[in-house]
Every structure is written in structure tokens, then in C-alpha cells.
Amino acid sequence: MEESTIEKIYNPKDVEKKWYQKWKDQKCFTPRQGDQPAFSLIMPPPNVTGRLHMGHALDNICQDILIRYKRMKGFRTLWIPGVDHAGIATQSVVEKKLYKEQKIKRNDIGRDEFLKHVWQWKEEHMHEIIQQLEQLGVSCDWDYLTFTMDSIPNKAVRKFFVDLYNQGLIYQAEKIINWDTTLQSAISDAEVESKEVKGKFYYIQYQIEGSDDTLTIATTRPETLFGDTAVAVNPKDERFSQYIGSYAILPLTDRKIPIIGDEYVELELGTGCLKVTPGHDFNDFEIGKRHQLPIINILNKDGTFNENAAAIQGLNVQQGRKKTIELLEEKKLLIKVEDRLQMVGHGERSDSIIEPMVSQQWFLNVSDMANKAVKAVENSDMKFFPKGWENTYFSWLREPKDWCISRQLWWGHQIPIYQCQSCQHQWASEQDPSACPNCQASEFTQDPDVLDTWFSSALWPLSTLGWPDQETMKQKDFESFFPTHTLVTGFDIIFFWVARMMMSSLSITNQVPFKHTYIHGIVRDKQGRKMSKSLGNGIDPLETIDQYGCDAVRFTLAAGAGYNRGLNLDPAKIEGYRNFVNKLWNAFRFLSPHLKNTDSNQIENITSLNSEEKWILEELNQVIEQVSHSIEDYRFDDASSALYRFIYDQYCSWFIELSKPILFSDDDKAKGQRLQVLTLVLKDILKLIHPITPFVSEEIYSHLSKNQMLISEKYPEVRAEFNFPDDRFKMNQLIEMVTQIRNLRASLNLKPKDEIKAQFFTDNQEVAQFFYQQKIALKDLAGIVAATISSKASKRPGKSSAVATDQVEAYVQLEGLIDLKKEQERLQKKIDHLLKEQQKFQAKLDNPKFSENAPEEVINEVKEKLNHSTLKINSLKAALNNLD
RNA sequence: GGACCCUUAGCUCAGCUGGUUAGAGCGCUACCUUGACAUGGUAGAGGUCAGAGAUUCGAAUUCUCUAGGGUCCACCA
């Protein structure tokens with residue numbers, strides 16, 4: 001034992017710092033050597049720009065629980081941490097900073113110079129996010145720390161890209177894409193969120209060429225008419241089909257555009273006439289393809305109108321719309337305007353309205369990969385927990401669209417496509433080339449675009465283990481650790497990330513990147529609302545750790561993480577678990593003065609154990625079983641609550657309380673034995689709970705075990721020799737009896753200090769003997785002095801209150817204190833309640849259909865219950881009769 | 001428009017393949033500074049498991065419908 005004083009209130013701050021440093025220094029997070037099976041995880045890399053939020057905390061804590069558990073189970077564990085370069089986010093942070101501090105825009109200094117600034121920024125800030133991760137207590141192997149733009153990931157990206165290019169799966173094309181006018185880049189379909197926006201439906205009149213007839217067109221985007229190249233009607237529409245083949249005069253311009261027939265147009269929608277803008281609408285683009293319509297681009301990259309929309313050139317979309325309406329009104333071509341709710345695409349990152357635009361981009365054809373990825377889940381090579389999430393996964397992968405992978409940014413993996421300036425040959429290359437492979441000319445240019453950040457993320461399980469560099473793969477032991485075991489993440493990135501890792505890994509290695517995917521819920525506030533800046537309801541994990549301690553936060557998140565979709569976080573909960581951590585601390589604090597030689601992990605003489613000792617060991621077995629199962633099933637909630645109950649109720653409230661008289665007695669033998677049990681159970685508790693609350697458990701353990709750190713201990717297993725069902729039964733009788741007597745005392749308004757005399761009656765010899773041994777406990781816990789135990793044949797005392805379990809009756813004599821009438825009522829009420837129960841069971845058994853159909857187990861169970869309530873009823877009835 | 005999920009104590013939630021006297025934490029009430037812990041102890045109140053119907057010997061649990069809430073996907077001009 002250390003001599004230092006043990007504080008009354010557990011103080012997490014110093015403890016956390018101390019142990020994290022020790023674990024790191026002693027390489028506890030590094031996979032151990034040997035031939036044990038491997039277990040590996042990859043950390044979803046947080047953005048280098050970010051600050052950790054509760055979602056990160058939950059995600060990482062679940063992983064840490066798994067890795068600590070498996071490590072203690074003897075696996076060769078590896079958890080690989082990483083940080084994401086987050087193309088868009090980082091580039092804009094640095095852009096803003098440069099402008100703010102030096103009034104420099106990126107175009108002023110050029111690409112290379114700008115990237116130097118970004119790298120510098122990254123060097124300065126990456127450690128911040130790592131430090132935040134460390135505060136969560138994560139036991140990942142920092143030697144494996146990977147940044148998504150490190151040279152190995154870059155090699156991985158280039159190799160994957162070049163292979164796909166050479167297979168013809170990556171291609172360049174002029175297609176309609178989502179254009180983010182703020183970022184001035186293309187983004188993928190997955191990065192567009194539709195949001196409901198209040199808009200208007202404008203009805204515009206078009207003149208038909210060479211006729212007095214007009215067509216009315218309804219649109220939400222009148223300003224795009226400058227890019228229109230047709231009017232479409234449904235050929236089946238009798239109102240308009242006659243016009244197909246004629247031309248309409250496009251208002252505000254001098255152009256005439258064909259009126260075409262296309263099945264896509266719906267009869268009931270709008271006016272039944274559709275303006276077709278192939279350059280700025282996904283559907284119109286398709287219609288345009290079918291009818292070989294020309295494409296007119298009317299927007300600049302920043303979202304203002306260009307010369308093709310001369311009347312509104314230079315205006316942004318909002319202004320352009322207003323101006324267009326004014327012009328139409330002047331010409332009396334605007335028939336009417338209606339309010340309308342519509343879904344409009346917004347950029348995930350920038351939140352600005354996405355403009356569909358036709359542009360030259362790189363695409364990846366994912367059909368085959370997606371197919372493989374679907375099959376891998378269908379045949380359970382990879383399993384989702386909870387299973388339901390595979391639907392989300394399938395829905396994305398079963399209708400794959402080509403992935404737009406190029407981004408008009410500077411920060412990211414530059415596309416490894418080169419073009420020769422003399423022969424125009426285009427090729428993809430894993431290394432920076434020195435000459436054109438076609439004509440050997442040394443003048444060539446690299447495609448300026450970078451790849452979607454998710455393209456490198458898709459390779460994360462491979463690149464973090466060194467792929468494709470053979471040397472590094474060996475050094476990182478790719479062989480052992482790939483495929484990884486479990487991916488832990490949120491459902492919001494099932495298709496962004498999970499699906500894409502599956503696709504790339506299957507395509508490269510023919511193996512799944514991980515065998516399980518555990519999807520946890522989204523952390524929300526107490527009322528179930530998303531945490532957001534605008535609502536101001538965010539809970540910062542680091543502040544919370546500062547306030548309550550890391551273990552309390554970890555336990556709270558673990559207790560909330562199961563198979564649910566949301567985790568509503570209430571600070572009151574964290575406080576509650578802070579108290580629980582303190583409870584554990586105080587259990588240790590109570591024991592510590594009694595502990596001398598605590599390094600023993602043995603019970604010297606199992607046969608000499610008494611019933612309560614056997615009971616706690618039996619209960620220990622139960623909790624070991626339950627916690628292990630729950631963690632393996634990703635039911636961290638079940639694991640936490642099993643531990644909570646065992647520690648709080650079984651260990652602290654009963655076992656420690658029952659141990660007090662022995663520890664304060666002079667019976668050295670009994671004391672020694674009891675301490676062995678107390679210590680063994682406490683040590684197992686610490687081992688069991690360590691994955692969830694690593695700090696407090698390690699701290700306490702350091703007082704109990706001199707040589708070994710808890711993090712490297714072996715996880716408890718169920719011990720066959722601790723199987724004591726009979727003692728469990730006896731102990732439960734005692735617990736029930738004590739509880740009932742306390743209840744009786746409360747109903748009689750007795751003060752805690754008031755002592756009572758009791759007579760027990762039972763025909764169960766075992767229980768009788770046990771109660772006899774527990775005289776002191778009965779005094780301490782129920783305030784009973786002078787108890788006697790006799791058989792049920794004996795005469796019951798008069799003027800007494802009584803309580804009963806199914807085995808034991810207790811009569812409490814309280815001369816003068818008992819109001820006979822009240823007591824009668826109390827007993828009658830109990831009896832009535834039990835009678836109802838009894839009738840229910842009896843009715844079941846009397847029902848012939850029940851006994852015919854129900855399995856024997858169930859029937860026996862009901863019989864047993866009937867028997868219990870009958871026994872109790874008889875006891876209480878006797879007590880009632882005995883009252884007067 | 002499709003798909004999925006939720007509705008159990010005042011609050012936040014467990015309740016697995018149908019058989020419990022329907023549970024936990026917080027909150028609440030009463031009493032307690034008993035030599036680990038007031039970040040504590042003991043006891044208690046509180047639920048016709050959203051509603052209706054069906055299957056069954058038996059439904060919080062399975063099925064159908066209704067009402068309310070949520071999430072994701074979708075190009076409805």
C-alpha cells in the first residue's frame with residue numbers, strides 16, 4: 001500500500017494525465033508480439049481543422065472499449081489513428097486566415113505558394129486534434145498515426161487511380177454536375193442535401209411561331225430561360241401534341257426553340273408544358289441528350305450570369321430572377337405567380353444553393369465494385385450491427401451512379417493525369433513522370449484538379465497499413481491486421497465512407513476491409529434535438545471531461561450506446577455516472593486500510609467460504625458472462641448497466657455492508673478470508689470495467705497490484721469453481737427479509753436507532769442456519785436485536801407485526817407501538833395483492849389449453865410461482881389470525 | 001413519392017427468438033451526518049406499455065389499420 005492519503009472525492013484530473021502518459025511511455029497501445037489472433041480497428045480520421053464533438057467522443061470511446069477489451073482478452077490488438085486532410089474545409093480555413101491576416105487571396109500567390117501555407121497550417125494544428133483525442137483516453141497506437149496526405153496514402157491514391165484509369169473505369173467527360181458556387185468546385189451527388197425552400201411558381205407565356213397561339217409554361221426558375229433550347233410537352237397530351245415540331249419564341253431573346261414531345265413531361269404537373277434547360281437541370285440534360293438539343297451555359301463559375309444571358313449578365317441568381325420577372329412583366333408575358341414549396345439542393349459543406357452545370361470532370365464508374373460490395377454483405381462477409389443498417393447500404397449501392405471524383409480545389413491529392421504538350425497524349429502515372437511515354441517529350445502538364453477527399457478515405461484501411469508499398473506493409477504487418485475487424489461509425493456516412501471502403505477494398509484485394517460495421521446513434525441533446533451552434537445546445541466533450549472527469553463521460557456514452565439511433569445526452573446523467581465513479585473509488589477507499597498483502601489473486605480455501613462469500617462469487621461469474629457477451633455484441637449499454645448494478649448493489653450495498661462486522665472483528669481467520677474475497681472481486685471489477693472507465697480503474701488497481709498495470713491484465717473469465725446456486729438462494733432470502741423488515745420499520749415510523757426484537761419461523765434448515773449466522777448483519781442492516789429462530793410448528797407471538805418470504809416468517813414484537821387496526825389493514829393489503837397473483841397463476845394452470853400447449857418449462861415456472869405466493873399467503877394469513 | 005424507425009413511470013430510456021408481479025437512472029416524497037461515499041443511506045409514491053382490431057391457451061413483445069413524432073433517399077418543372 002502506498003502511504004499517500006486517499007482523497008474522499010475522486011479527483012480525475014491528475015490521474016488521467018498521469019496514466020495516459022504512462023501507458024504511452026510503456027508502449028501499452030502497441031500490439032504485443034506472439035501468435036495470438038490479431039484484432040484491428042481503424043479510426044475514422046477526424047478533420048485536421050476540427051474540434052472534437054460528442055459524436056467523435058462516442059465513436060472513439062466505443063472503439064476504445066473494444067480495443068481495450070480485446071487487448072485484455074489476449075488478442076494482438078492494433079488500433080490505427082489518423083487525421084483527415086479535409087480538402088474543402090482546410091483550404092477555406094487557410095484562405096480565410098491568409099486574407100484576414102495578410103489580405104492575400106490564393107490566386108495572388110499561386111498554387112505552390114498557397115499549398116505551402118496549408119502544409120504549414122497543418123503542421124501547426126494537427127497536434128491539437130491529437131491532443132483532444134488523447135483526452136478521451138483512446139488507446140490507439142500512435143506509431144501508426146497517418147495523415148491522409150502522407151506519402152503512403154498518396155501512393156495508394158495514385159495506384160488505385162492509375163489502375164482504374166487503365167481499366168477504363170475512370171474517365172473524363174462533359175456532363176451535368178453539381179456545382180458549388182461558393183467553393184467553385186464540382187461536388188458529388190452524395191454531398192448535396194435537398195432542403196425545403198419557399199419558392200414561387202411563375203407562369204410565363206410563349207408565343208408559337210407563325211401562329212397566334214401561345215403556350216403557358218410554369219417554372220420555379222424563370223431566370224434560366226436564357227439557357228432554354230426547347231419546350232417539351234407530352235406527346236400523349238391532346239392539348240399540345242399538335243404543336244410538336246413547331247417552334248416557340250423564347251421571351252426576352254430573339255431565339256426560337258423547337259417544341260418537342262417527351263414522355264418525361266407529366267400531364268398534371270404545372271401547365272403540362274416544360275421549359276428545357278439542358279445546361280442547368282439534370283432532367284433537362286437527359287431530355288436534351290434524347291433530342292440532340294444544344295446546351296447553353298449561362299452561368300459563370302461564381303454563379304453570376306454570363307454573356308449568354310445578356311439581359312441579366314453579371315447578376316447573381318437571386319438578382320437575375322428578379323430582373324427576369326421585371327422584364328417579363330413589362331412585356332406582359334407573366335401570367336401569374338403562385339407560392340410553392342420546393343426542394344432545392346444545397347452544398348453539404350458550404351450550404352449554398354447548388355447550381356447544376358455542364359462541365360468537364362473526372363468520373364469513376366462504380367457499377368462492378370458496387371455489385372461486389374452488395375454481395376459481400378448479402379453473404380455476410382461483412383455484417384452490420386444493428387443489422388437494419390444494411391438497408392441503407394444496399395439502397396445506395398444497388399443503384400450506383402458514376403462518382404464525380406474531381407474537385408476544382410488545390411488542397412488534396414492532385415489527379416495523376418498528365419498531358420503531353422507536343423503530342424497531346426494523355427496518361428495516368430503513379431510516379432511523377434519525366435517524359436511523355438508516347439513521344440518522350442519532356443513538356444507536359446498535370447491535371448490541375450484534386451480528388452474528392454472521400455477517394456482517399458475509401459482506401460483508409462489499406463493505406464494505413466502501408467499499401468501499396470511492400471516494404472511498409474511488411475513493417476506495419478499488413479498480413480496480420482488486414483482485414484480489420486470492426487468499423488465503428490455513424491449512419492450518416494454509410495455511403496460516403498463505408499460503402500466506398502467496401503468497394504475499393506474488394507476491388508483491390510478481393511477482401512472486405514472489415515468484418516463488422518457497428519453503427520452507433522447520433523448524439524443529441526436532452527430533448528432529442530440535434531446539437532447545433534444555432535440552437536446553442538451543444539455539449540462540448542472536452543469541457544464535460546474537464547467538469548466531470550473522462551471516466552464519467554465515457555461511462556455515460558457507453559451506457560447510451562446500444563442499437564439505438566439516437567443518444568440523448570443529459571448532463572444530469574453524466575453527473576450521475578460521475579457519482580458512480582466516485583462510489584467505486586470510495587469502495588476502494590474503505591477497503592484500503594484493511595489491505596495488506598493484496599497481490600494474491602487466489603481464494604486459499606474455497607471449501608471454507610461462507611454463504612455470502614460464495615454468493616458474491618457466483619454473482620461475479622454472472623456479471624463476467626454478461627459484460628463479455630454484451631461487449632462482443634456491441635451492446636455497450638447492457639455491459640454498463642450490468643456493471644453498474646453489480647458494483648453498486650451487490651458489491652457495495654450488500655457485500656461490503658455484510659463485511660463490515662467481520663473486518664472490524666478480532667477474528668483474523670475470518671477477516672483474512674473475507675479480504676481475499678473482497679480483493680478478488682474488486683480486482684475483477686476493475687478489470688471488467690477498465691475498457692469503459694480506464695483511468696479510475698487503473699488508479700485503484702495500482703494500489704492493489706504492484707507489478708502489473710491493469711491495461712495489460714487478463715480479462716476475467718467465468719470460473720467453474722465459483723458456481724454456488726444454493727448460496728445464492730439463501731442470500732436472496734436474507735436480502736428479501738432485510739428489505740421487508742426495513743419496509744416494516746418505515747411503515748411503523750421507527751427511527752434508525754430503534755432496536756427491535758424479532759422471531760423467525762422457518763422449516764428450511766439451511767436458511768435457518770444461515771440466518772442464525774447472520775445475527776450481526778440483521779442487527780446492522782435491519783436493527784434487529786435478540787432474534788430467535790424456530791420451526792413453523794412453533795407458536796407465533798401475539799401483538800406482533802409480521803412479514804414473510806416464501807421460506808421465512810418474521811414476527812416483530814413491539815409492545816404498545818403497534819396499532820392493531822393498522823397492522824390488520826397492512827397485512828390484509830399484502831394478502832389481497834398476493835391473492836390476485838395467486839389467482840392469476842391458478843387460472844393459468846386450470847386452463848386445460850394452457851397445460852396442453854405451453855412448454856413444460858413454462859408450466860413448471862408457473863407452478864413454482866403459485867407455490868411461492870401460496871406460501872407467503874399462508875404465512876401472512878396466520879399472522880393476521882394471530883394478531884388479536 | 002419511396003424506405004426505415006419511434007410512441008413503455010414527470011424526464012431519458014432498457015425490455016433478445018411471445019410466458020416478468022413490466023424494469024433502470026434521474027426527478028419527486030418521507031426519514032436518516034450509522035467510523036467508504038450527502039457525488040451518501042433506507043423506504044415509498046408513480047405505468048389500463050399511443051389507439052383500434054387480429055393471431056394465440058397466453059401479446060409491451062407477432063400481424064393489420066389509425067393517430068402523432070422522427071430520419072434517410074428521390075430530378076417532380
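Everything numeric here is computed off the predicted structure, so don't read it as measured data. First the proteins, then the strands, lettered A, B, ... as listed; each starts at 1.
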Enquirer: Quick one about A:Glu338 and A:Tyr203 (side-chain donor to acceptor, distance below 3.5 Å, no hydrogens or angles considered), yes or no?
Expert: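 Indeed, the side chains of A:Tyr203 and A:Glu338 share at least one donor-acceptor pair under 3.5 Å.
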Enquirer: Which residue pairs pass the salt bridge (Lys or Arg N to Asp or Glu O under 4.0 Å) test when at least one of the two sits in residues 644-663 of chain A, sequence neighbours left out?
Expert: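 Listed once each, the pairs are A:Glu657-A:Lys660.
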Enquirer: For B:A30 and A:Asn749 - does any side-chain N or O of the residue sit under 4.0 Å from the phosphate oxygens OP1/OP2?
Expert: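 A:Asn749 to B:A30 OP1/OP2: no side-chain N or O under 4.0 Å.
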Enquirer: Give a yes/no answer on whether the side chain of A:Arg589 brings an N or O atom under 4.0 Å of OP1 or OP2 in B:C37.
Expert: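 Yes, such a contact exists.
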Enquirer: Is any side-chain nitrogen or oxygen of A:Lys573 closer than 4.0 Å to OP1 or OP2 of B:C13?
Expert: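 Answer is no, no contact under 4.0 Å.
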Enquirer: Select base, sugar-phosphate, or nothing to describe what A:Arg524 touches, counting heavy atoms under 4.0 Å on all strands.
Expert: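 Nothing: the residue A:Arg524, judged by heavy atoms under 4.0 Å, touches no strand.
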Enquirer: Relative to each other, are the rings of A:Phe664 and A:Phe590 parallel, tilted or perpendicular (30° and 60° limits)?
Expert: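 Geometry flag for A:Phe590 against A:Phe664: perpendicular rings.
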Enquirer: Is the shortest side-chain N/O distance from A:Lys844 to OP1 or OP2 of B:G19 below 4.0 Å?
Expert: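 Answer no for this pair, as no side-chain N or O of A:Lys844 is under 4.0 Å from OP1 or OP2.
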Enquirer: Base, sugar-phosphate or nothing for A:Val862? Non-hydrogen atoms, less than 4.0 Å.
Expert: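 Since no nucleic acid heavy atom lies under 4.0 Å of A:Val862, the category is nothing.
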Enquirer: Think A:Arg340 has a side-chain N or O under 4.0 angstrom from the OP1 or OP2 of B:A77?
Expert: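 For B:A77, OP1 or OP2 has a side-chain N or O of A:Arg340 closer than 4.0 Å.
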Enquirer: Counting a pair only when it is Watson-Crick or G-U and both distances are under 3.5 Å, which runs of at least 3 such pairs involve RNA chain B?
Expert: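 Output for stems: B:1-7 with B:67-73, B:10-13 with B:23-26, B:28-32 with B:40-44, B:50-54 with B:62-66.
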Enquirer: Rounding to a whole Å, what distance do you find between A:Asp281:CG and B:C76:P?
Expert: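 Distance check: A:Asp281 CG to B:C76 P gives 10 Å.
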Enquirer: Tell me if the centroids of the rings in A:Tyr634 and A:Tyr518 come within less than 6.0 Å of each other.
Expert: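 Yes, ring centres under 6.0 Å apart.
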Enquirer: So A:Tyr577 and A:Tyr644, would you call those rings parallel, tilted or perpendicular, with 30° and 60° as cut-offs?
Expert: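 A:Tyr577 vs A:Tyr644 ring planes: perpendicular.
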Enquirer: Of all the choices, B:C75, B:U39, B:A36, which nucleotide is nearest to the side chain of A:Lys660 once you look at every atom?
Expert: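 Of the options given, the side chain of A:Lys660 lies nearest B:A36.
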Enquirer: Test for a donor-acceptor pair under 3.5 Å between the base of B:C37 and the side chain of A:Lys583, counting only N and O atoms.
Expert: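 For A:Lys583, whose side chain was compared with the base of B:C37, there is a donor-acceptor pair (under 3.5 Å).
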Enquirer: Base, sugar-phosphate alone, or nothing: which one does A:Lys865 contact when heavy atoms must sit under 4.0 Å apart?
Expert: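 Here A:Lys865 touches the backbone only, sparing every base.
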Enquirer: What is the distance from NZ of A:Lys275 to P of B:A77, rounded to the nearest Å?
Expert: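 So the NZ-P distance, A:Lys275 to B:A77, works out to 12 Å.
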Enquirer: Ignoring hydrogens and angles, does a donor from either the side chain of A:Tyr264 or the base of B:C76 sit under 3.5 Å from an acceptor on the other?
Expert: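 It does not, because no donor-acceptor pair links the side chain of A:Tyr264 to the base of B:C76 below 3.5 Å.
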Enquirer: Output all residues satisfying side chain to side chain contact (heavy atoms under 4.5 Å, CB included) with A:Lys836, sequence neighbours left out; order by chain, then residue number.
Expert: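 Applying side chain to side chain contact (heavy atoms under 4.5 Å, CB included) to A:Lys836 gives none.
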Enquirer: For a 4.5 angstrom cut-off between non-hydrogen side-chain atoms, does A:Thr544 reach A:Thr556?
Expert: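 The answer is no, as the side chains (C-beta and beyond) never meet within the 4.5 Å cut-off.
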Enquirer: Does the B:A36 base have a donor-acceptor partner in the side chain of A:Glu657 within less than 3.5 Å?
Expert: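 Present.
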Enquirer: Would A:Arg500 and A:Phe495 count as a cation-pi pair here, with the cationic atom under 6.0 angstrom from the ring centre and within 45° of the axis?
Expert: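 No, a cation-pi geometry is absent between A:Arg500 and A:Phe495.
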Enquirer: It should be established whether A:Asn283 places a side-chain nitrogen or oxygen under 4.0 Å from OP1 or OP2 of nucleotide B:C76.
Expert: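 So the side chain of A:Asn283 is outside the cut-off, no N or O lying under 4.0 Å from OP1 or OP2 of B:C76.
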Enquirer: If you compare every side-chain N and O of A:Asn743 against the phosphate oxygens of B:G44 (OP1, OP2), does one of them come in below 4.0 Å?
Expert: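 Answer is yes, contact under 4.0 Å.
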Enquirer: Rounded off to whole Å, could you give me the NE2-to-P distance for the A:His520 and B:U71 pair?
Expert: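 Rounded to whole Å, this separation is 17 Å.
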Enquirer: I want to check one thing: is the phosphate of B:A3, taken as OP1 and OP2, less than 4.0 Å away from some side-chain N or O of A:Tyr393?
Expert: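 No, outside the criterion.
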Enquirer: Tell me whether the OP1 or OP2 atom of B:C37 has a side-chain N or O from A:Arg578 closer than 4.0 Å.
Expert: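 The answer is no; no side-chain N or O of A:Arg578 sits under 4.0 Å from OP1 or OP2.
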